[in-house]
**Student:** 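Here it is, the structure in full.
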Amino acid sequence: MTALGFLYPGHQAADDYPRIEQLLASDIRLDLVHTGAPEASARQLEEGVEELRLAGAEAVVWASTRGSFAHGRDEAHERVRTLARAAGMPASATSFAFLHAVREIGARRVAVAAPYPQDMAALFAGFLQAADIEVVSVRGGGGAGATEAADWGAKEVLALAREGDHTAADAVLIPGTGLHTVAHLVALESELAKPVLTANQVTVWEGLRLVDRRVNAPNLGSLFSREPIVQV
């Protein structure tokens with residue numbers, strides 16, 4: 001059994017995780033601890049880590065894109081280092097998951113389609129650019145709140161992706177772990193004819209990466225369709 005732990009803010013799209021678990025190998029378990037606000041305090045994260053450690057997690061990912069990029073890479077790195085020390089296991093965060101996933105699929109230029117206000121979407125783009133990822137367009141979703149975005153269905157998510165896409169982009173990135181996207185990944189990639197990376201998708205992939213586990217699960221998009229170590 002591979003057990004992965006996630007520190008998830010709120011509950012808005014937490015049901016994406018059992019959905020992903022169903023699409024992965026039967027010996028992979030995804031455990032969530034809810035931390036409250038996206039920018040949880042260090043103490044909240046460390047308390048959550050302890051709960052996940054006791055549950056047998058082998059790696060932990062802070063499942064908050066905004067919380068882990070809003071104050072820059074240095075602050076994000078420090079939070080992750082603190083988590084790893086507290087947990088005694090590999091740790092990461094969703095913002096770093098996006099960086100690693102972009103490299104995994106070989107994308108050179110990306111478009112950002114975010115459910116955030118435009119200024120927050122621009123901060124995320126800056127986080128990517130600081131890691132030498134070329135961002136060719138940035139689209140904010142009009143400032144939808146986390147609760148509102150969590151209620152979006154396929155129509156709204158597809159509209160956000162289409163509006164954020166760019167002809168020069170090799171992939172489209174949709175941050176925001178409060179947004180339901182897992183059920184729409186196949187439709188998104190079919191509509192845009194390119195890889196689409198979404199927050200909850202890359203967060204789980206990052207957990208698997210930390211424990212050196214690859215799973216081929218095409219219903220989770222191009223990111224999960226690379227050459228597998230373990231075939232589902």
Side-chain angles (χ1 to χ4, degrees), residues 4-9 16 20 38-40 45 59-84 87 89-116 120-140 161 164-166 168-179 181-182 185 188-189 192 194-215 220-227:
L4 304 175
F6 302 92
L7 298 165
Y8 186 85
D16 263 3
I20 294 174
E39 297 187 44
L45 294 178
V60 61
V61 185
W62 180 18
S64 174
T65 322
R66 185 175 66 186
S68 57
F69 75 73
H71 299 292
R73 292 184 70 201
D74 290 345
E75 174 69 19
H77 275 298
E78 183 56 35
R79 283 290 189 97
V80 167
R81 282 193 291 266
T82 299
L83 287 178
M89 68 181 81
S92 189
T94 301
S95 55
F96 293 117
F98 272 109
L99 302 182
H100 299 146
V102 167
R103 296 183 182 118
E104 172 72 10
I105 64 173
R108 295 172 54 208
R109 296 172 295 273
V110 304
V112 172
Y116 311 137
M120 186 63 69
L123 279 179
F124 178 60
F127 185 91
L128 299 170
Q129 291 166 329
D132 296 323
I133 294 172
E134 184 179 351
V135 179
V136 296
S137 67
V138 183
R139 170 74 177 184
D165 190 17
H166 190 283
D170 301 319
V172 175
L173 278 54
I174 305 179
T177 56
L179 188 64
T181 58
V182 172
L185 284 166
L188 285 165
E189 294 197 335
L192 302 183
K194 64 183 63 174
V196 176
L197 300 176
T198 71
N200 291 323
Q201 170 212 37
V202 301
T203 298
V204 173
W205 177 85
E206 180 76 346
L208 291 166
R209 187 191 69 83
L210 290 174
V211 298
D212 199 24
R213 178 87 188 262
R214 289 181 182 267
V215 179
L220 291 174
S222 298
L223 181 62
F224 281 84
S225 301
R226 317 299 291 177
E227 185 66 26

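These numbers come from a predicted model, not from an experiment.
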**Student:** Tell me every residue that passes side chain to side chain contact (heavy atoms under 4.5 Å, CB included) with Gln129, counting only those two or more places apart in sequence or in another chain.
**Tutor:**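 Per chain and number, Gln129 pairs via side chain to side chain contact (heavy atoms under 4.5 Å, CB included) with Val135.
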**Student:** Show the nearest heavy-atom pair for residues Trp62 and Arg79, with the distance to one decimal.
**Tutor:**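 Looking at all heavy atoms of both residues, the shortest contact is CH2-NH1, 3.3 Å.
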**Student:** Just verifying a value: how many Å separate Asp165 CG and Lys194 NZ, rounded to the nearest 0.5 Å?
**Tutor:**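 Going from CG on Asp165 over to NZ on Lys194, the span is 3.5 Å.
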**Student:** How long is the span from the CZ atom in Phe127 to the CZ atom in Arg66, to the nearest 0.5 Å?
**Tutor:**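 Rounded to the nearest 0.5 Å, the CZ-CZ separation comes out at 15.0 Å.
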**Student:** Please list, chain by chain and in numerical order, all residues satisfying side-chain hydrogen bond (donor to acceptor under 3.5 Å, both in side chains) with Thr65, sequence neighbours excluded.
**Tutor:**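 Counting only residues at least two positions away or on another chain, Thr65 forms no side-chain hydrogen bond (donor to acceptor under 3.5 Å, both in side chains).
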**Student:** Test of understanding: with side-chain hydrogen bond (donor to acceptor under 3.5 Å, both in side chains), list the residues that count as partners of Ser222, not counting sequence neighbours.
**Tutor:**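 Only Glu189 meet the side-chain hydrogen bond (donor to acceptor under 3.5 Å, both in side chains) criterion with Ser222.
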**Student:** According to side chain to side chain contact (heavy atoms under 4.5 Å, CB included), who are the partners of His100, at least two apart in sequence or on a separate chain?
**Tutor:**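 If we apply the side chain to side chain contact (heavy atoms under 4.5 Å, CB included) test to His100, skipping adjacent residues, the hits are Phe96, Arg103, Trp205, Glu206, Arg209.
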**Student:** With heavy-atom distances below 4.5 Å as the criterion, would you say the side chains of Leu179 and Thr198 are in contact?
**Tutor:**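 Answer no - side chains too far apart.
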**Student:** Salt bridge (Lys or Arg N to Asp or Glu O under 4.0 Å) with Glu134: which residues, sequence neighbours excluded?
**Tutor:**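 Not a single residue meets the salt bridge (Lys or Arg N to Asp or Glu O under 4.0 Å) criterion with Glu134.
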**Student:** Can you tell me if Glu75 uses its side chain to pair, donor with acceptor, with the backbone of Gly72 under 3.5 Å?
**Tutor:**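 Between the backbone of Gly72 and the side chain of Glu75 there is no qualifying donor-acceptor contact (under 3.5 Å).
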**Student:** Using side-chain heavy atoms (C-beta onward) and a distance below 4.5 Å, is Val204 in contact with Val182?
**Tutor:**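 They are not in contact (no side-chain heavy atoms under 4.5 Å apart), so the answer is no.
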**Student:** Could you label the plane-to-plane angle of the Phe124 and Phe98 rings as parallel, tilted or perpendicular, counting under 30° as parallel and over 60° as perpendicular?
**Tutor:**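 Taking Phe98 first and then Phe124, their aromatic rings stand perpendicular (interplane angle over 60°).
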**Student:** Using distance only, find each side-chain donor-acceptor pair of residues 168-177 under 3.5 Å and give its atom names and separation, not counting sequence neighbours.
**Tutor:**
unit_1: Asp170; atom_1: OD2; unit_2: Arg108; atom_2: N; d: 2.8
unit_1: Asp170; atom_1: OD2; unit_2: Arg109; atom_2: N; d: 2.9
unit_1: Thr177; atom_1: OG1; unit_2: Ala63; atom_2: O; d: 2.9

**Student:** If every non-hydrogen atom of Leu210 is compared with every non-hydrogen atom of Ala91, which pair is closest and at what distance?
**Tutor:**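 Reported closest heavy-atom pair: CD1-C, 3.9 Å.
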**Student:** Considering residues at least two apart in sequence or located in another chain, which fulfil the ring-ring contact (aromatic ring centres under 6.0 Å, His included) criterion with Phe6?
**Tutor:**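 For Phe6 the ring-ring contact (aromatic ring centres under 6.0 Å, His included) partners, ignoring immediate neighbours, are Tyr17.
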**Student:** Say you draw a straight line from NE2 of His77 to OG of Ser68; how long is it, rounded to the nearest 0.5 Å?
**Tutor:**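 Between atom NE2 of His77 and atom OG of Ser68 there are 11.0 Å.
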**Student:** Nearest 0.5 Å, please: how far is OG1 in Thr82 from CD in Glu78?
**Tutor:**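 Output value for this atom pair is 4.5 Å.
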**Student:** I need the Asp16 CG to Leu185 CG distance, nearest 0.5 Å.
**Tutor:**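 Answer for the CG-CG pair, Asp16 versus Leu185, is 8.0 Å.
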**Student:** Heavy atoms only: give me the nearest Ala122-Val138 pair and the separation to one decimal.
**Tutor:**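 Heavy atoms of Ala122 and Val138 come nearest at N-CG1, 4.0 Å.
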**Student:** Please give me the minimum heavy-atom distance between Leu123 and Ala70, naming the atom from each residue.
**Tutor:**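 Nearest pair, atom of Leu123 first, then Ala70: CD1-O, 4.3 Å.
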**Student:** Run the side chain to side chain contact (heavy atoms under 4.5 Å, CB included) test against Ile133 and tell me which residues pass, sequence neighbours left out.
**Tutor:**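 With sequence neighbours excluded, Ile133 shows a side chain to side chain contact (heavy atoms under 4.5 Å, CB included) to Leu99, Val102, Val110, Leu128, given in chain and number order.
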**Student:** Between Asp74 and Arg81, which heavy-atom pair has the shortest distance, and what is it?
**Tutor:**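 Scanning both residues, the minimum pair turns out to be O-NH2, 4.5 Å.
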**Student:** Where do Ser137 and Ala111 come nearest, in terms of heavy atoms and distance?
**Tutor:**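 Closest approach of Ser137 to Ala111: OG-CB, 3.3 Å.
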**Student:** What's the spacing between Asn200 CG and Thr94 OG1 if we round to 0.5 Å?
**Tutor:**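 So the gap between those two atoms works out to 7.5 Å.
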**Student:** Going by heavy atoms in the side chains, are Val61 and Leu4 under 4.5 Å from each other?
**Tutor:**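 Counting from C-beta outward, Val61 and Leu4 never come under 4.5 Å.
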